[in-house]
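In what follows, a single structure is set out as structure tokens and then discussed.
A quick note: this is a predicted structure, and the numbers were derived from the prediction, not measured. Keep in mind that the numbers below use all heavy atoms, side chains included, and drop hydrogens, waters and symmetry copies. Letters A, B, ... mirror the listed sequences (proteins, then strands); counts begin at 1.
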Number of protein chains: 2
Amino acid sequence: MTPNKEDFIKAIYELGGHEQVVSNKALVKALSISAASVTEMNTRLLKEGLITHLPYQGVQLTDKGLRIANQLIRKHRIWEVFLAEKLGYDWNEVHKDADLLEHVSSDFLIERLNVFLGEPTFDPHGGVIPNKDGTITEIDSTPLIECTVDDQFKIQEVDDQEEFLEYLLYKNVQLGKKYTLVDVEPYDGPLTLEAVDGERTIIGHKAAFKILVDKNV
Amino acid sequence: MTPNKEDFIKAIYELGGHEQVVSNKALVKALSISAASVTEMNTRLLKEGLITHLPYQGVQLTDKGLRIANQLIRKHRIWEVFLAEKLGYDWNEVHKDADLLEHVSSDFLIERLNVFLGEPTFDPHGGVIPNKDGTITEIDSTPLIECTVDDQFKIQEVDDQEEFLEYLLYKNVQLGKKYTLVDVEPYDGPLTLEAVDGERTIIGHKAAFKILVDKNV
DNA sequence: TCTATTTTTTAGTCTACCCTAAAAATATTT
DNA sequence: AAATATTTTTAGGGTAGACTAAAAAATAGA
Ligand SMILES: [Mn+2]
Ligand SMILES: [Mn+2]
Ligand SMILES: [Mn+2]
Ligand SMILES: [Mn+2]
């Protein structure tokens, strides 16, 4: 296993490769490599039994590939917690370094780091940290876009794209914060959230797809 | 710069390449790669201006190469402090993980980690951590082998080979611990140390080369 | 349905590392 | 001073991972 292969498998997972077929095109975009390189890597991973491949359609993770993806995501997210909680990174700053550290982390290191951090359940943007055995404890959450006026909820998880996290930082939307949805403008207009202290935040329509909330508040 | 190049430059430094010429043979041994690979890497580093090369004699670091070596050692040692102090690694366990982490550590990360650790001066086996600008604060120390009976000292630094550190762990010799040298057997015989609490430790002749002490105790 | 566009694959290159085996240079013995 | 041994370099290969350009296959549109 190499860093490139690991990131490739992780990308397949993040594009839904544990349940759907993922196209080469999607991987080209996600990894910023050429289409030829995707075909090449597919061939390698197929040979190692980490993916299945339907020519001209795409790839899917095997159980073996899925386990590797989950273990890498575990490492990634544990590092993100460390960078945010111990080193004071903002949540939009953690990803880049974690993306490198994840590939050079022995199990010994990760388990000790996990204990040092108090065995966290979520990463800084609310992503669930997979268990040591590669399984995932599913969390019940709803995309904000599916909420209706007067719904009450707390922010459960947000998309981890760096620019989006910066946007939320600017909007002062934080993980775990409680809101009421007080307005949704028609024709894909903005949403207005009201925090418990009365603070109002207006966010764009598309942002509401990237925020997951917990309505059992 | 790649991990292999970085480790190669670090190896040159550790073999004395900031003041002497380092032979290919020494690098073959230190890095466990073939002689041909050493020649090849020398050619690459020469082209980048990181070393000077005298054919059939060996290589030496340029100022540029020296700066890279010191910055890598800084990263390595800061990680070692983290692993030992925060994650509870024994001092013989830190090296392997630090040897990987050092290559994926941004300056941003290292400076934050350094602050988190309280800006340490020494790594877990007493090695000085180079400053941010690549300079080194020299420490006054004496090899234990040069001490004579009745000398008093404290342990300043020890060789960082994993097996040697295990040996010292077994002998209960710790950094900063104060001893009196009570006996040196002739014909390269063992040395006997006595701690302040009266505990006596007998160590082999060759071990006394790998331990540096501070006589200003 | 047939043409145009998009997507995927193939073919051919390139760089970074690594190797073994043989040749060349340097050091050491006798 | 030669012969022998050691060290370094050269020659020739190999693999992983990336690329561009061109061919092939699939999809979308008229
Ligand atoms: Mn991340
Ligand atoms: Mn990564
Ligand atoms: Mn070390
Ligand atoms: Mn290293």
Legend entry - Residue mapping more 5' on DNA chain C - nearest nucleotide basis, B/Ala35 or A/Val38: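 Whichever sits nearer the 5' end wins; that is A/Val38.
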
Legend entry - Ring center gap for B/His95 and B/His76 short of 6.0 angstrom: yes

Is [X] close enough to [N] that one of its side-chain N or O atoms is under 4.0 Å from OP1 or OP2 there?
X: B/Ser34; N: C/dC18; value: no
X: B/Ser37; N: C/dC19; value: yes
X: A/Asn4; N: D/dA16; value: no
X: A/Arg44; N: D/dG17; value: yes
X: B/Thr39; N: D/dT10; value: no

Output the rounded distance in Å from [atom1] ([X]) to [atom2] ([N]).
X: A/Leu45; N: D/dG17; atom1: CG; atom2: C1'; result: 12 Å
X: A/Lys29; N: C/dT8; atom1: NZ; atom2: P; result: 13 Å
X: A/Glu40; N: D/dC19; atom1: CD; atom2: P; result: 9 Å
X: B/Leu27; N: C/dC18; atom1: CG; atom2: P; result: 13 Å
X: B/Ile51; N: D/dT8; atom1: CD1; atom2: C1'; result: 14 Å
X: A/Tyr56; N: D/dT27; atom1: OH; atom2: P; result: 11 Å
X: A/Leu54; N: C/dT8; atom1: CG; atom2: C1'; result: 13 Å
X: A/Asn24; N: C/dT9; atom1: CG; atom2: C1'; result: 9 Å

Inset, instruction - Determine the minimum heavy-atom distance between B/Asp140 and B/Asp214, stating which atoms define it. - result: O-OD1, 4.3 Å

Legend entry - Shortest side-chain distance from B/Ala36, nucleotide among D/dT7, D/dT20, C/dA21: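 So the side chain of B/Ala36 is nearest to C/dA21.
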
